[in-house]
Amino acid sequence: MAYRKSSRPKQCAICGYAVHYEVCHIKPISGFRATDSVADVNELANLVALCPNHHWEFDHGRLSAAAVGVAASGLTARVIE
């Protein structure tokens, strides 16, 4: 909800597709400790909008966290070959 209420772009950070985007965690939820708060996990700096295809690629290792983080900041991302 924090992402949708923010001024961050409501489109895929990689390709710009805006018809449907998914809010994705840059650092995976599994990377947090059980004692970390939901607010820490869902901090705006840890969220990025991706289209379903790029979200799948990110979750399955085709896009690096660095590439997605760079794309979220407005720079160009790269696909891992």
Side-chain angles (χ1 to χ4, degrees):
M1 189 66 99
Y3 191 94
R4 287 184 172 88
K5 289 182 178 181
S6 78
S7 61
R8 306 264 311 263
K10 308 306 187 272
Q11 64 187 31
C12 179
I14 305 295
C15 68
Y17 183 70
V19 174
H20 175 75
Y21 70 92
E22 300 171 351
V23 178
C24 150
H25 294 92
I26 297 170
K27 177 181 176 181
I29 295 170
S30 63
F32 288 86
R33 298 176 306 230
T35 56
D36 289 332
S37 70
V38 172
D40 291 336
V41 174
N42 292 326
E43 183 179 344
L44 196 53
N46 189 42
L47 301 175
V48 63
L50 296 174
C51 69
N53 289 332
H54 284 119
H55 192 175
W56 184 93
E57 289 180 356
F58 179 60
D59 284 351
H60 291 87
R62 291 281 299 146
L63 292 172
S64 69
V68 170
V70 166
S73 68
L75 302 173
T76 304
R78 63 181 174 74
V79 174
I80 299 171
E81 296 295 335

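These numbers were taken from a predicted model, which means no experiment stands behind them. No hydrogens, no waters, no symmetry mates; every other heavy atom, side chains included, goes into these values.
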Residue pair [X] / [Y]: nearest heavy atoms and the distance that separates them:
| X | Y | value |
| --- | --- | --- |
| C24 | F58 | SG-CD2, 3.4 Å |
| C15 | C51 | SG-SG, 3.9 Å |
| R4 | V23 | NH1-CG2, 3.9 Å |
| H25 | L47 | CD2-CD2, 3.6 Å |
| P9 | A49 | O-CB, 4.0 Å |

TODO: Give a yes or no on whether the backbone of R33 and the side-chain of D36 come within a donor-acceptor separation of less than 3.5 Å.
DONE: yes
TODO: Please answer whether the main-chain N or O of V41 pairs with a side-chain N or O of N46 as donor and acceptor at a distance below 3.5 Å.
DONE: yes
- [ ] First locate atom NE2 of H20, then atom CD of Q11, and finally report the distance between them rounded to the nearest 0.5 Å.
- [x] 14.0 Å
TODO: Treat each ILVMFWY residue as a node, draw an edge where side-chain heavy atoms are under 4.5 Å apart, and state whether I26 and L50 are in one component.
DONE: yes
Task: Face-on cation placement of K10 at Y21 ring, 6.0 Å and 45° thresholds - done: no
